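Taking it in order: structure first as structure tokens, then the write-up.
Values in this document were obtained by computation on a predicted structure and should not be read as measured data. All heavy atoms count here, side chains included; hydrogens, waters and symmetry mates do not.
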Amino acid sequence: FIEYQQLVQRSIDLFIRKTKGCSEEEIIKALHTSDNEACSDVVDQLLGMTSYEKFSELMRTRRAKAMASALGDMSSALGRK
């Protein structure tokens, strides 16, 4: 969990440096006003940093999506829908 927090924080810091002065508050505002799925994922990642429970929930959701996608791919490969 701590490694995850550090990874997300490094990513945020790198983004802020690349955007030359964009603050964390501006990022949060932009994420909240966007309906882009990628932005939603970023918000989920940030929420995952706030507590172990939220992190755990995020990981379970991602695993379930990955499994559903893999099962869908297998069904398609077998010619089933």
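By the rule that hydrophobic residues join a cluster once side-chain heavy atoms approach within less than 4.5 Å of another member, Val8 and Phe1 end up as members of one cluster.
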Atom pairs and distances, side-chain donor-acceptor, residues 57-65, under 3.5 Å, sequence neighbours left out:
| residue | atom | partner | partner atom | Å |
| --- | --- | --- | --- | --- |
| Arg60 | NH1 | Ser56 | OG | 2.6 |
| Thr61 | OG1 | Glu57 | O | 2.9 |

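Legend: residues meeting side chain to side chain contact (heavy atoms under 4.5 Å, CB included) with Gln9, ordered by chain and number and at least two apart, are Ile12, Asp13, Glu24, Met49. In this structure Tyr4 satisfies the ring pair (Phe, Tyr, Trp, His ring centres under 6.0 Å) test together with Phe55, sequence neighbours excluded.
Under a cut-off of 6.0 angstrom, the local environment of CD1 in Ile2 is sparse, with at most 12 non-hydrogen atoms contributed by other residues, nucleotides or ligands.
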